[in-house]
Amino acid sequence: MKKIDNNIYEVDISDIRCLFPIRDIDCNKGDFGKAGIYGGSVEYSGALKLASLSLGALRSGTGISRIITSKDVLPLLGPNILEQTLVVLPDYEDSHFREKIYDSISDLDSLAFGMGLGNDSHLEEVLEFLIKNYTGNLIIDADGLNTLSRMKLEILKDKKCNIVLTPHVKEFSRLCFRDIEEIKRDSLQLVLEFAKKYQVIVLLKGHTTTISDGVDTYLVITGCPGMATAGSGDVLSGILAGMLAYHDFTMKTIAASVFLHGVAGFLAEEENTDISMVASDIISYIGKAIKVIRCDKSK
């Protein structure tokens, strides 16, 4: 790993290759963890998005992937469920709502929360419940981050789970109460300070993605212009859920997920051009990206 400055490192393909080994012939799906995807709303038609996210988790190596969503989304999502399992939550007002959530997450090794959820008034209570009760690896993205920005951030210190936040610069602006230009000027320091203060890992997305646990900072320089399209970040959350379901919650695992996402995006752009590629193309190239990571000895 190339040292850039004090506790700042640039991640290279050789640094994360060890997380993509050839699997034993006697392995089974139970060896590779369970990943959950909690998201979707009618307004942000979660059908293809959630299916893609869950497929992203499976493509990146988890053994079992579970979608958790509301019954309103079911008619949109149902026809797209193939390899995934599905939990349909009751209405929030139902006395068994929290019990159902707990039952659906208690056996999960990782859980990605927030993609396409919208701004339902109950989401703050749901996120607080997850932070205080879930014991696995929690990825908070998209509307999960927007929900968190309306809450007292000190709640992050009450967590039972490991947490990684995955904002783009605008979402991070809402979380840290700094303007976008200031973040762009001093992103390394601001990400480091936020991660240290709230005892989480922060993954600030961009062409150079910044990852910090409050002590060390990793830079992952991958991606391409074609990835600047709706849903690319959602696919990353799916990959993170997959990787964190069967690998340890470490900076290296998170960096490897970003690297895989970026290589798959680069391959998708080569095929589809920077103008025409869409986020689902990234998922199509996850397998080929793993081949590149495993076999490329030039870097």
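Worth knowing before you read on, the calculation uses all heavy atoms, side chains too, and leaves out hydrogens, waters and symmetry mates. Owing to the predicted nature of the structure, the values given are computational and were not obtained by experimental measurement.
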Are the side chain of [X] and the backbone N or O of [Y] linked by a donor-acceptor pair below 3.5 Å?
X: E269; Y: G226; value: yes
X: H247; Y: L19; value: yes
X: R66; Y: S104; value: yes
X: S60; Y: G56; value: yes
X: D15; Y: D12; value: yes
X: D31; Y: N28; value: yes
X: N272; Y: M277; value: no
X: S173; Y: V169; value: no
X: K196; Y: E193; value: no
X: S110; Y: N137; value: no

Qualifying residue, where the test is side chain to side chain contact (heavy atoms under 4.5 Å, CB included) with I139 and the options are L240, L165, L236, L111: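 Going through L240, L165, L236, L111 one by one, the side chain to side chain contact (heavy atoms under 4.5 Å, CB included) with I139 is satisfied by L240 alone.
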side-chain contact (heavy atoms from CB on, under 4.5 Å) between I254 and Y218, intermediate numbers included: CA-CA 10 Å; I254 292 168; Y218 288 1; over 6 Å; no
Student check: side-chain heavy atoms of R294 and I22 closer than 4.5 Å: yes
Note, I221 side chain near H207 side chain (heavy atom, < 4.5 Å): yes
Y92 and H122 aromatic ring geometry - parallel, tilted or perpendicular at 30°/60° bounds: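 Aromatic pair H122/Y92 classed parallel.
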How long is the gap from [atom1] on [X] to [atom2] on [Y], to the nearest 0.5 Å?
X: L244; Y: N162; atom1: CG; atom2: CG; result: 8.5 Å
X: I163; Y: Y134; atom1: CD1; atom2: OH; result: 11.0 Å
X: I4; Y: T217; atom1: CD1; atom2: OG1; result: 11.5 Å
X: L192; Y: I8; atom1: CG; atom2: CD1; result: 8.0 Å
X: H261; Y: M227; atom1: NE2; atom2: CE; result: 3.5 Å

Determine whether more than 12 heavy atoms belonging to other residues, nucleotides or ligands lie under 6.0 Å from atom [atom1] of [X].
X: D248; atom1: CG; result: no
X: F266; atom1: CZ; result: no
X: D274; atom1: CG; result: yes
X: K159; atom1: NZ; result: yes

Step-by-step side-chain contact (heavy atoms from CB on, under 4.5 Å) determination, M151 to L127: CA-CA 10 Å; M151 300 166 65; L127 182 53; 3.9 Å; yes
Donor-acceptor pair between T229 and S232 side chains, under 3.5 angstrom: no
Donor on one side chain, acceptor on other, S54 and S65, under 3.5 Å: yes
Side-chain donor/acceptor pairs under 3.5 Å, residues 197-206, sequence neighbours excluded:
{"from": "K205", "atom 1": "NZ", "to": "D141", "atom 2": "OD1", "distance (Å)": "3.3"}
{"from": "K205", "atom 1": "NZ", "to": "T166", "atom 2": "O", "distance (Å)": "3.1"}

side-chain contact (heavy atoms from CB on, under 4.5 Å) between Q84 and I81, worked out: CA-CA 6 Å; Q84 309 89 344; I81 296 294; 4.2 Å; yes
Under-4.0 Å salt bridge between K71 and D94: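 Result for this pair is no, no salt bridge flagged.
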Aromatic ring proximity F172/F194, centre distance under 6.0 Å: yes
Residue from T85, T62, D107, D109 passing side-chain hydrogen bond (donor to acceptor under 3.5 Å, both in side chains) with K34: D107
Verdict with reasoning, K132 to I155, per side-chain contact (heavy atoms from CB on, under 4.5 Å): CA-CA 8 Å; K132 291 184 175 181; I155 193 174; 4.1 Å; yes
